[in-house]
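A quick note: this is a predicted structure, and the numbers were derived from the prediction, not measured.
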Amino acid sequence: QVQLVESGGGLVQAGGSLRLSCAASGRTSSNYVMGWFRQAPGKEREFVAAISGGGGTTYYQNSAKGRFTISRDNAKNTVYLQMNSLKPEDTAVYYCAAARSGNSAAYKSSYDYWGQGTQVTVSS
């Protein structure tokens, strides 16, 4: 079993930045694909970004490209999401997820483990 704990959320003004962290524990593997998803009130959970096990390949939702950066430190079993130029529409609960398989990183169904989420609120 793998446990994921997100941190770093909060309230920020539009144009500001936040860095989310996701600490993994338990039967973790540096080979797992790690992803970030978000869910706004009344909306489906959507893909934000993902990173391959070695960190060499990253994937982004179009709205995140150029503003968000996903990275990982396998020595610390931690994944990060640096979010810059935040917009009110980025307001959501952000979830970290881990996938044993590297296929279809943008799909929720590809992920085996999920964190509890951290709230990000961007004020206008």
Side-chain angles (χ1 to χ4, degrees):
Q1 192 73 341
V2 174
Q3 293 79 43
L4 302 173
V5 178
E6 302 95 336
S7 61
L11 173 63
V12 64
Q13 288 189 331
S17 299
L18 283 174
R19 188 176 83 152
L20 305 183
S21 299
C22 171
S25 61
R27 298 176 64 87
T28 62
S29 170
S30 60
N31 292 324
Y32 286 0
V33 171
M34 300 297 295
W36 285 97
F37 287 75
R38 67 186 182 187
Q39 188 166 17
K43 295 189 176 181
E44 294 285 326
R45 191 171 299 189
E46 65 175 3
F47 171 74
V48 177
I51 188 167
S52 63
T57 303
T58 55
Y59 313 85
Y60 293 96
Q61 183 203 73
N62 283 340
S63 67
K65 289 179 182 177
R67 298 189 301 129
F68 295 2
T69 303
I70 188 170
S71 61
R72 66 190 296 164
D73 184 338
N74 285 336
K76 296 181 178 179
N77 289 328
T78 301
V79 177
Y80 305 96
L81 184 68
Q82 177 67 44
M83 303 187 295
N84 299 328
S85 302
L86 283 162
K87 305 175 182 179
E89 51 263 43
D90 294 318
T91 295
V93 177
Y94 283 70
Y95 296 90
C96 174
R100 293 190 295 261
S101 167
N103 298 326
S104 303
Y107 292 89
K108 297 188 296 290
S109 58
S110 298
Y111 291 82
D112 304 288
Y113 307 102
W114 292 85
Q116 294 300 305
T118 185
Q119 176 71 47
V120 171
T121 302
V122 185
S123 63
S124 57

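Put simply, the side chain of Thr57 reaches to within 4.5 Å of the side chain of Tyr59, judged on heavy atoms. In this structure the side chain of Met34 reaches within 4.5 angstrom of the side chain of Leu4, judged on heavy atoms. Counting heavy atoms from C-beta outward, Lys87 and Arg67 have side chains that approach closer than 4.5 Å. Using a 4.5 Å heavy-atom cutoff, the side chains of Gln1 and Tyr113 are in contact. Within the 4.5 Å cutoff, no side-chain heavy atoms of Trp36 are placed close to those of Phe68. Put simply, the side chain of Leu20 reaches to within 4.5 Å of the side chain of Val120, judged on heavy atoms.
Of the inter-residue distances, the one linking Tyr60 atom OH with Lys65 atom NZ reads 10.5 Å to the nearest 0.5 angstrom.
Aromatic ring centres of Tyr95 and Phe37: separated by at least 6.0 Å.
Closest approach of Ala98 to Tyr32, counting heavy atoms only: CB-CD2, 4.1 Å. When all heavy atoms are compared, the tightest approach of Lys108 to Arg45 is NZ-O, 3.4 Å. The two residues Ser110 and Ser104 have their closest heavy-atom pair at OG-O, 2.6 Å. In this structure, Ser63 and Arg38 approach most closely via the heavy-atom pair OG-NH2, 3.6 Å. Between Val33 and Ala105, the shortest heavy-atom distance links the atoms CG1-CB, 4.2 Å. Closest non-hydrogen pair, Gln82 versus Ser17, comes out as NE2-CB, 3.9 Å.
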Determine, stepwise, if the pair Thr78 / Asp73 fulfils side-chain hydrogen bond (donor to acceptor under 3.5 Å, both in side chains).
CA-CA 5 Å; Thr78 301; Asp73 184 338; over 6 Å; no
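Within a 6.0 Å sphere centred on CD of Gln116, heavy atoms belonging to other residues, nucleotides or ligands number 12 at most.
A donor-acceptor pair under 3.5 Å links the side-chain atoms of Glu6 to the main chain of Cys96, judged by distance alone.
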